[in-house]
Amino acid sequence: NTYSLYCVFDGHNGAAAAKFAANRVLPMIEERLPKGPVPPLNHPLSPAFRELIQCALVETTIQLNREYAARGIMAGCTSTIILVVDRLVTCVNLGDSRATIDNGLDNLMLTVDHRVETFEADRERVEEAGAQVASLSPQGNGPAESRAVGVGPLRIWPGGLCLSRAVGDFDVGDVVTPLPHLTQVVVPKTGARLMVG
């Protein structure tokens with residue numbers, strides 16, 4: 001199959017996780033991609049092919065996190081992975097690196113920002129798991145006593161991470177998950193512009 005792969009891995013607390021993900025993502029995806037010709041979009045086998053692509057990207061994201069965990073490094077990174085096969089665009093993301101498609105009429109967001117400040121469902125999940133969610137204390141040495149006196153965006157403590165999903169960030173604990181958000185769209189025959197950053 002012919003495909004195009006676009007990725008952004010934005011490291012935090014260092015570049016180790018981003019470099020690791022950038023070096024490992026291609027072989028991980030290639031070993032999981034369906035083999036053989038791509039069925040036309042209106043073919044009966046097309047739904048199964050689409051699902052195989054989805055599984056390949058989700059499994060890759062989880063495996064990136066698993067292999068990175070074995071290195072014992074606490075740093076983490078966002079992960080936005082986009083695979084284009086013919087006119088099928090599949091995107092998985094962790095964190096807040098964004099991707100959009102502009103087809104000339106609409107601008108469709110392919111990603112979700114996994115920031116505890118704005119993504120309420122994940123904030124509730126993190127708090128229910130027992131982690132503290134608070135802004136930085138005015139002294140800059142840990143969580144604020146209340147949201148009213150904190151500085152900056154909400155963060156997960158321990159660790160002080162603003163994101164609820166990422167590769168790595170093991171100092172925050174297992175409340176930060178590598179389970180990505182997934183979007184799959186078909187680009188019109190007239191084409192579209194993909195923007196990732």
Side-chain angles (χ1 to χ4, degrees), residues 1-34 38 41 46-47 49-68 75-123 125 153 161-169 176-197:
N1 295 338
T2 301
Y3 61 87
S4 299
L5 180 67
Y6 306 94
C7 304
V8 171
F9 302 107
D10 183 11
H12 37 267
N13 294 328
K19 288 179 180 179
F20 173 82
N23 288 329
R24 288 291 296 135
V25 68
L26 183 59
M28 283 186 187
I29 287 176
E30 285 185 330
E31 71 184 29
R32 290 171 169 82
L33 287 178
V38 177
L41 292 170
S46 182
F49 177 81
R50 289 171 154 196
E51 189 172 317
L52 289 171
I53 295 292
Q54 293 173 14
C55 290
L57 294 187
V58 171
E59 289 171 7
T60 294
T61 303
I62 293 169
Q63 185 65 27
L64 278 172
N65 192 68
R66 186 177 297 126
E67 285 188 16
Y68 182 65
C77 69
T78 69
S79 174
T80 299
I81 302 171
I82 301 156
L83 186 76
V84 181
V85 180
D86 194 21
R87 292 189 298 123
L88 181 66
V89 177
T90 308
C91 175
V92 291
N93 87 289
L94 302 167
D96 59 357
S97 295
R98 295 181 178 178
T100 64
I101 283 192
D102 177 9
N103 65 11
L105 299 173
D106 296 311
N107 192 11
L108 173 68
M109 184 69 76
L110 297 176
T111 55
V112 169
D113 282 353
H114 299 122
R115 297 181 65 83
V116 289
E117 177 83 25
T118 56
F119 193 36
E120 189 173 330
D122 260 15
R123 183 171 63 241
R125 175 187 59 79
L161 183 66
C162 295
L163 304 175
S164 57
R165 301 185 193 203
V167 172
D169 293 304
V176 175
T177 178
L179 187 63
H181 176 84
L182 183 142
T183 304
Q184 194 171 58
V185 298
V186 175
V187 173
K189 290 181 181 179
T190 54
R193 180 179 315 153
L194 175 65
M195 295 167 281
V196 191

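All residue numbers in this chain count up from 1 along the given sequence.
Between Thr190 and Asn103 the shortest side-chain heavy-atom distance does not fall below 4.5 Å. Annotation: side chain of Thr111 is in contact with side chain of Met109 (closest heavy-atom distance under 4.5 Å). In this structure, Ile53 and Leu33 have side chains that are in contact, with non-hydrogen atoms separated by less than 4.5 Å. Using a 4.5 Å cut-off on side-chain heavy atoms (C-beta onward), Phe20 and Val167 make no contact.
Under the side chain to side chain contact (heavy atoms under 4.5 Å, CB included) rule, Val89 has a single partner from Ile101, Leu83, Thr183, which is Ile101.
Among pairs with a residue in residues 82-98, those fulfilling salt bridge (charged side-chain N to carboxylate O under 4.0 Å, His left out) read Asp96-Arg115, Arg98-Asp113, at least two apart in sequence or across chains.
Qualifying side-chain contact (heavy atoms from CB on, under 4.5 Å) partners for Ala166, counting only residues two or more places apart in sequence or in other chains: His12, Asp169, Val176. Every residue meeting the side-chain hydrogen bond (donor to acceptor under 3.5 Å, both in side chains) condition with Thr78, not counting sequence neighbours, appears here in chain and number order: Ser97. Under the side-chain hydrogen bond (donor to acceptor under 3.5 Å, both in side chains) criterion, Asn65 pairs with no residue, sequence neighbours left out. Considering only residues two or more places apart in sequence or on other chains, Glu30 meets the side-chain contact (heavy atoms from CB on, under 4.5 Å) condition with Tyr3, Leu26. For Arg125, the side-chain hydrogen bond (donor to acceptor under 3.5 Å, both in side chains) test picks out Asp122, with sequence neighbours left out.
Here the CG-OG1 distance, from Leu94 to Thr177, works out to 7.5 Å after rounding to the nearest 0.5 Å. Atom-to-atom distance recorded for Met195:CE and Leu110:CG is 9.0 Å, nearest 0.5 angstrom. For the atom pair Arg50 CZ and Gln184 CD, the distance stands at 5.5 Å (nearest 0.5 Å). Note that CG of Leu52 and CZ of Arg32 are 13.0 Å apart. Values are rounded to the nearest 0.5 Å. Taken from CZ in Arg66 to CE in Met28, the straight-line distance is 9.0 Å, to the nearest 0.5 Å. Here the straight-line distance linking atom OG1 of Thr60 with atom CG of Leu5 works out to 9.0 Å at 0.5 Å rounding.
Shown here for Ser164 and Val116, the closest heavy-atom pair between the two residues is CB-CG1, 3.9 Å. The shortest non-hydrogen separation linking Ala75 to Ala17 is O-CB, 3.9 Å. Listed here is the closest heavy atom pair of Asn23 and Pro27: O-CD, 4.1 Å. Contact detail for Ser79 and Phe9: the closest heavy-atom pair is OG-CE2, 3.3 Å. The nearest pair of heavy atoms linking Ala21 to Cys77 is CB-SG, 4.4 Å.
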Verdict with supporting geometry, Leu194 and Tyr6, side-chain contact (heavy atoms from CB on, under 4.5 Å): CA-CA 10 Å; Leu194 175 65; Tyr6 306 94; 3.6 Å; yes
From CA spacing to verdict: side-chain contact (heavy atoms from CB on, under 4.5 Å), Ile82, Thr90: CA-CA 6 Å; Ile82 301 156; Thr90 308; over 6 Å; no
Verdict with supporting geometry, Ile29 and Ile81, side-chain contact (heavy atoms from CB on, under 4.5 Å): CA-CA 10 Å; Ile29 287 176; Ile81 302 171; 3.7 Å; yes
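Annotation: Glu67, atom CD; neighbour count of heavy atoms from other residues, nucleotides and ligands within 6.0 Å is above 12.
Although no hydrogens or angles enter the test, the distance criterion places a donor-acceptor pair under 3.5 Å between the side chain of Arg123 and the main chain of Glu117.
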